[in-house]
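Just below is one structure, and these are the notes that go with it.
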There are 2 protein chains.
Amino acid sequence: MTLSEENYLKAIFNLEEQTHKGVPTNAIAEMMETKASSATDMVKRLSEKDLLKYKPYQGTRLTPKGKSHAVKVIRKHRLWETFLVENLDFTWDEVHEVAEQLEHIQSDKLIHQLDKFLGYPKTDPHGDPIPDEEGNIAKIEKKVLAELQQEDEGVCVGVDDSSSAFLKYLDKLDISLGNKIKVIEKEAFDNSMVIQVEENTISISSLASKNIYVRKTS
Amino acid sequence: MTLSEENYLKAIFNLEEQTHKGVPTNAIAEMMETKASSATDMVKRLSEKDLLKYKPYQGTRLTPKGKSHAVKVIRKHRLWETFLVENLDFTWDEVHEVAEQLEHIQSDKLIHQLDKFLGYPKTDPHGDPIPDEEGNIAKIEKKVLAELQQEDEGVCVGVDDSSSAFLKYLDKLDISLGNKIKVIEKEAFDNSMVIQVEENTISISSLASKNIYVRKTS
DNA sequence: CTTAATTTTTAGACAAAACTAAAAATTTGT
DNA sequence: ACAAATTTTTAGTTTTGTCTAAAAATTAAG
Ligand SMILES: [Mn+2]
Ligand SMILES: [Mn+2]
Ligand SMILES: [Mn+2]
Ligand SMILES: [Mn+2]
C-alpha cells in the first residue's frame with residue numbers, strides 16, 4: 001500500500017461516513033486537492049486491489065478490506081497526534097500536518113508500543129476517538145453547540161472543523177476540550193450565542209457554534 | 001527532496017566518509033541494493049540540484065549542500081532510534097528498519113522537540129554520535145577490539161556492523177554498550193580472543209572482534 | 001422532451017524511480 | 001601495447017501518480 005493510496009482510502013472513508021452513500025469522484029478529488037481525472041485513475045487502481053467497489057459514473061464505496069485499512073491509518077494518525085501534543089509540546093493546531101506524514105510509517109510493533117506508551121488514550125487532541133487494535137471506533141456522544149438552548153450546560157468534547165485557523169481562534173477564546181460551557185443567551189437574529197466557558201463569558205458566531213461539539217450535562 | 005534522494009545522499013555520505021575519495025557508481029548501487037544504471041540516473045538528478053559533483057566515469061562527491069542534508073537525515077535517524085529503544089521497548093537490532101522510514105518525516109519542530117524530549121542524547125543505541133542541530137558530528141574515540149593486546153581493558157562504545165544478525169549475536173553473548181571488556185588471551189593461530197565482559201568470560205572470533213569498538217581504559 | 005450545464009471518464013503527456021540489455025569507457029593482465 | 005575483464009553509461013521500458021484537453025454520460029432547466 002503506497003502513501004498516496006492510503007491518503008485516498010482515508011479520504012473516501014471520511015466522505016462515506018458523512019453521507020452513507022456512494023462517494024462521487026468529484027468529492028474525492030476535492031478532498032484530495034487534485035483533479036477528477038486523477039481521482040478516477042486512483043479509484044480504478046484501488047478497485048483492482050479490492051479495496052473499493054467502483055462502477056463508472058456511480059460513486060465508489062470501500063470494501064471491508066478497504067475500510068479496515070483506512071481505519072488503521074486513522075488510528076495511527078490520531079495516536080501520533082496525541083504523542084505530539086502530550087509529549088512534544090505541540091499545540092492542537094500544529095499536529096495535523098506532521099501526523100499526515102507519520103500515519104504512513106509501517107510497523108505494527110511501533111504503533112502497538114506507541115499506544116502503550118501513551119497509556120491507551122481514547123481520543124486524540126481534537127476529541128476524535130482513536131480506533132483500537134481491532135479497528136473498533138468508539139462512538140462519542142456529542143451534540144453541536146448551536147443546538148443547545150438557553151440555560152443548557154455541557155462539556156466541550158470535540159470540533160467539527162480541525163483547521164488550524166479555527167483551532168487558533170478557539171485558543172484565543174480560551175475554549176479547549178473538557179471545558180464546561182453554559183448557554184447564557186441565544187440571539188435569534190443571527191444565531192450568535194453568549195456562552196460561559198468555565199469562568200469567562202464570551203459571544204460567538206453561529207458559524208463557530210456549529211463547529212463545536214459538546215456533551216450535554218443538563 | 002524525495003525519500004529516495006535522501007536515501008542516496010545518506011549512502012553517498014557514508015561511503016565518502018569511509019574512503020575520503022570520489023564514490024564509484026557501483027559502490028552506490030551496491031549500498032542502495034539497486035542497479036548501477038539506476039544509480040547513474042539518480043546521481044545525475046542530484047548533480048542537477050547541486051547536491052553533489054558528478055562527472056561521467058569519475059566518482060561523485062557531495063557538495064556542502066549535499067553533505068548538510070545527509071547529516072540532517074542521519075540526525076533524524078539516530079534520534080528516532082534512540083526514542084524507539086528508550087521509550088518504546090525496541091531492542092537495538094529492531095530499530096534500524098523503522099528509523100529508515102521515520103528519518104524522512106519533514107518537520108523541524110518535530111525533530112527539535114524530540115531531541116529535547118530525549119534529553120539531548122549524544123549517541124544512538126549503536127554508539128554512533130548524533131549530529132547536533134548545526135550539523136556538527138562529535139568524533140567518538142574508539143578502537144576496534146581486535147587491536148587490543150592481552151591484559152588491555154576497555155569499554156564497549158559501538159559496533160561497526162549494525163546488522164540485526166550481529167546485534168542479536170552480541171545479545172546472546174551479553175555484550176552491550178558500556179560493558180567493561182578485558183582481553184584475557186589472544187590466539188595467534190586464528191586471531192580469536194578470550195575476553196571478560198563484565199563478569200563473564202567468553203571466546204569470540206576474529207570477525208566478531210573486528211566489529212566491536214572499545215574505548216581503551218588501560 | 002430537448003437543450004444546456006455539470007460530472008465523469010478517456011486519451012495523451014510528463015516526471016520520478018526503477019529495470020534489462022547493449023554500448024562505451026576504463027582498468028588490468030600478459 | 002593490446003586484448004580481456006570490469007565499470008559505467010546510454011537507450012528503451014515499466015509503474016505510480018499527476019496533469020490538460022477533449023469526449024461521453026448524467027442531471028437540470030426551460
Ligand atoms: Mn497522509
Ligand atoms: Mn485529530
Ligand atoms: Mn530511509
Ligand atoms: Mn544506529
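Lettering of chains follows the sequences in order, A, B, ..., and the numbering in each one begins at 1.
Nucleic acid contact class of B/Thr34 (heavy atoms, under 4.0 Å, all strands): sugar-phosphate only.
Residues passing the side chain to side chain contact (heavy atoms under 4.5 Å, CB included) test with A/Asp115, sequence neighbours excluded: A/Arg75, A/Leu79, A/Tyr120, A/Pro121. Residues that satisfy the side chain to side chain contact (heavy atoms under 4.5 Å, CB included) test with A/Glu141, not counting sequence neighbours, are A/Arg215.
When the shell of 6.0 Å around CD of A/Glu133 is examined, it contains more than 12 heavy atoms from other residues, nucleotides or ligands. Around NZ of B/Lys10, the count of heavy atoms belonging to other residues, nucleotides or ligands within 6.0 Å exceeds 12. Environment of CD in A/Gln113: crowded, with over 12 heavy atoms of neighbouring residues, nucleotides or ligands closer than 6.0 Å.
In this structure, B/His126 and B/Trp92 have parallel ring planes: the angle between them is below the 30° cut-off, well short of the 60° mark.
The side chain of A/Asn26 places no N or O atom within less than 4.0 Å of a non-bridging phosphate oxygen (OP1 or OP2) of C/dT6. Under 4.0 angstrom from either OP1 or OP2 of D/dT20 there lies at least one side-chain N or O belonging to A/Lys35.
One atom, CD of B/Glu30, and another, P of D/dT7, lie 10 Å apart when rounded to the nearest Å. Between A/Ile28 atom CD1 and D/dG17 atom P the separation is 15 Å, expressed in whole Å.
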Between the protein and nucleotides 9-17 of chain C, which nitrogen or oxygen pairs are less than 3.5 angstrom apart?
from   : atom 1 : to      : atom 2 : distance (Å)
C/dT9  : OP1    : A/Tyr54 : OH     : 2.8
C/dT9  : OP1    : A/Tyr57 : N      : 2.9
C/dT9  : OP2    : A/Thr25 : OG1    : 2.8
C/dT9  : OP2    : A/Thr40 : OG1    : 3.0
C/dT10 : OP2    : A/Lys44 : NZ     : 2.5
C/dA17 : OP1    : B/Thr2  : OG1    : 2.4
C/dA17 : OP2    : B/Arg45 : NE     : 3.2

